[in-house]
Amino acid sequence: MNKTQSWNIITLFAVLIFGFAIATILAPDEEYSETENRTLAQMPELSLGALLDGSFEADYEDYLTDQFVLRDNWIALKTGTERILGRTQSNDIYFAEDDYLIEAHTGTFTSAQAETNLQLLAQFVEEYAGQFADGHMTVMIVPNAVDILRDKLPSFASPYDEGEYLEMLREAVETAAAGETVWFDARQVLSEHSTEEIYYHTDHHWKTLGAFYVYQAWAGVQGYTVPSADSYEVVTVTEEFEGTIQSKLGIHTVMDSIELYLDPEDPYYTVEKDGSGEISYSLYDYSALDTKSKYDVFFGGNNALTQITTRAGTGRRILVIKDSYAHCFVPFLLSEFDEIDVLDIRYYNQELSALISEGGYTDILFLYNASGFAEDTSLTKLLY
């Protein structure tokens, strides 16, 4: 290689490196990623304190990662290259059997946050379990696909055993409940149906079928009417859903379907979100099916407090403290409760203790997915 060729290569690399850097600086910042269904990091505020404690550098790195020009294209190129090279994992996601994309959740359950959240939930149970009749406070932590669909993982995959963390949680909340029945083992129920399509191929949520099986088992324990599969009209509202895991990889594998389990008797109920005074008559937002975030057909996405009033006539009122795994579970509650208050503590900024004391609830259900629970940084609000 002569000098001219060497300088040409050096010049090309310089143009690429500095060109992309300049383009990233000049391009307007994006606030939201439709592809990934999340808010993107923004330019952090520069201060002496942030510089000294290292938070500015960390936040600025997140900012550059999120705002890098043509970011989605680079992610897709990286993933495609890794697949060509025969890699079985990319970005902490396994390429599993039957076209499943399964998150590994590496480090999630062994983090300081996971331990903190375990203690916070135990304190919450200790505080409130005695206020409800035995069996009327339920903790339901739903395992992720990496745990239940373990047989579909690539050879030599060795993710953390979620069962270990769930067992620690069970012991903590049962000790805190002082003899009351609190823990419901969703893991056992889902394990019995692991050969069925109970998780999405491209998204981190469980499917409505998985939620139905868990509700069916829980209803039996609670003494409610146990529905059969033919109790509902199962309606497929889309077969073109690509979820959050697909978005992280930037590649296309398969399309998922989303099913709604509709009561053919169509029980009457009203829905009010965040105390707005606006009343609707459906838990489903069908307009979401025309967007990337098709899972938002349930509830229209996350809201701080959704209040559902029914004509069940049972005299029961339930508070559901949840993440988005509850969105396809809550509709099964309509025939059992006169009022269902659905609380997302991540967005609720009022005192939970006041809500519970004034709500007249007969039941509390704490429903999260395992990784979402372990990673949630807002659970200190449980004790306010």
Side-chain angles (χ1 to χ4, degrees), residues 34-37 96-103 142-145 148-149 152 186 189-190 192-219 225-249 251-269 271 280-303 306 308 310 322-335 340 342 367 369:
E34 182 74 17
T35 301
E36 297 180 68
N37 188 27
E97 291 181 9
D98 300 328
D99 292 316
Y100 277 95
L101 302 174
I102 298 178
E103 291 179 291
V142 181
N144 303 105
I148 302 300
L149 304 186
K152 296 186 181 296
V189 177
L190 293 174
E192 293 171 358
H193 298 279
S194 61
T195 59
E196 301 176 56
E197 198 167 290
I198 55 177
Y199 291 91
Y200 292 104
H201 292 76
T202 68
D203 192 68
H204 67 285
H205 291 98
W206 58 349
K207 297 196 73 173
T208 316
L209 178 61
F212 167 72
Y213 284 137
V214 171
Y215 175 76
Q216 193 178 45
W218 182 65
T225 300
V226 179
S228 60
D230 57 7
S231 299
Y232 301 94
E233 178 186 1
V234 181
V235 178
T236 300
V237 291
T238 183
E239 294 181 333
E240 299 180 341
F241 174 43
E242 291 182 293
T244 54
I245 305 178
Q246 178 273 330
S247 297
K248 289 180 180 180
L249 295 177
I251 60 170
H252 301 283
T253 52
V254 296
M255 296 282 194
D256 275 306
S257 64
I258 297 177
E259 288 77 33
L260 309 184
Y261 279 49
L262 304 178
D263 189 332
E265 296 183 1
D266 193 22
Y268 176 87
Y269 63 91
V271 182
S280 65
Y281 301 92
S282 177
L283 292 174
Y284 305 109
D285 181 359
Y286 294 97
S287 67
L289 299 172
D290 297 323
T291 70
K292 167 69 175 173
S293 304
K294 289 178 171 55
Y295 186 79
D296 286 350
V297 67
F298 299 103
F299 281 74
N302 293 310
N303 302 282
T306 301
I308 307 162
T310 79
K322 60 82 188 180
D323 67 6
S324 56
Y325 259 56
H327 290 186
C328 61
F329 184 93
V330 166
F332 295 118
L333 302 175
L334 291 173
S335 63
I340 306 163
V342 184
L367 197 167
N369 82 89

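Fair warning: this is a prediction, and the values are worked out from it, not measured in the lab.
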On the 0 to 90° scale, with breaks at 30° and 60°, tag the Y281-Y268 ring pair as parallel, tilted or perpendicular.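 Tilted, since the angle between the ring planes falls between 30° and 60°.
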
Determine the interplanar angle of the F332 and F329 rings, folded into 0 to 90°, and report it as parallel if under 30°, tilted if 30 to 60°, perpendicular if over 60°.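 Geometry flag for F329 against F332: perpendicular rings.
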
Determine whether [X] and [Y] make a side-chain contact, defined as any pair of heavy atoms from C-beta on separated by less than 4.5 Å.
X: P227; Y: F212; result: yes
X: I308; Y: V342; result: yes
X: M255; Y: H201; result: no
X: V237; Y: Y284; result: no
X: L260; Y: Y232; result: no
X: W218; Y: V189; result: no
X: P143; Y: Y199; result: yes
X: C328; Y: Y261; result: no

Please name the pair of heavy atoms, one in [X] and one in [Y], separated by the smallest distance, quoted to 0.1 Å.
X: A219; Y: V226; result: C-CG2, 4.1 Å
X: N303; Y: K322; result: O-NZ, 4.5 Å
X: T236; Y: S257; result: CG2-CB, 4.0 Å

Out of curiosity, [X] [atom1] to [Y] [atom2], how far, rounded to the nearest 0.5 Å?
X: Y269; Y: S282; atom1: OH; atom2: OG; value: 4.0 Å
X: Y100; Y: E197; atom1: OH; atom2: CD; value: 4.5 Å
X: D256; Y: K207; atom1: CG; atom2: NZ; value: 5.5 Å
X: I340; Y: T306; atom1: CD1; atom2: OG1; value: 11.0 Å
X: L209; Y: E259; atom1: CG; atom2: CD; value: 8.0 Å
X: Y325; Y: W206; atom1: OH; atom2: CH2; value: 8.0 Å

Answer yes or no: is there a donor N or O on one side and an acceptor on the other, between the side chain of [X] and the main chain of [Y], under 3.5 Å?
X: D323; Y: N369; value: yes
X: E233; Y: D263; value: no
X: Y295; Y: S324; value: yes
X: D99; Y: T253; value: no

Which is it for N302 and H327 under the side chain to side chain contact (heavy atoms under 4.5 Å, CB included) test, yes or no, and what are the steps along the way? CA-CA 9 Å; N302 293 310; H327 290 186; 3.3 Å; yes

Could you walk me through whether E192 and Y213 pass the side-chain hydrogen bond (donor to acceptor under 3.5 Å, both in side chains) check? CA-CA 10 Å; E192 293 171 358; Y213 284 137; over 6 Å; no

Apply side-chain hydrogen bond (donor to acceptor under 3.5 Å, both in side chains) to residues T244 and S247 and explain how you reach the verdict. CA-CA 5 Å; T244 54; S247 297; over 6 Å; no

Apply side chain to side chain contact (heavy atoms under 4.5 Å, CB included) to the pair E97 and I102, showing each step before the final yes or no. CA-CA 10 Å; E97 291 181 9; I102 298 178; over 6 Å; no

V142 and L190: CA distance, side-chain angles, deciding distance, side chain to side chain contact (heavy atoms under 4.5 Å, CB included) verdict: CA-CA 9 Å; V142 181; L190 293 174; 3.7 Å; yes

Let me see the working for E242 and K292 under side chain to side chain contact (heavy atoms under 4.5 Å, CB included), right down to the final yes or no. CA-CA 7 Å; E242 291 182 293; K292 167 69 175 173; 3.7 Å; yes

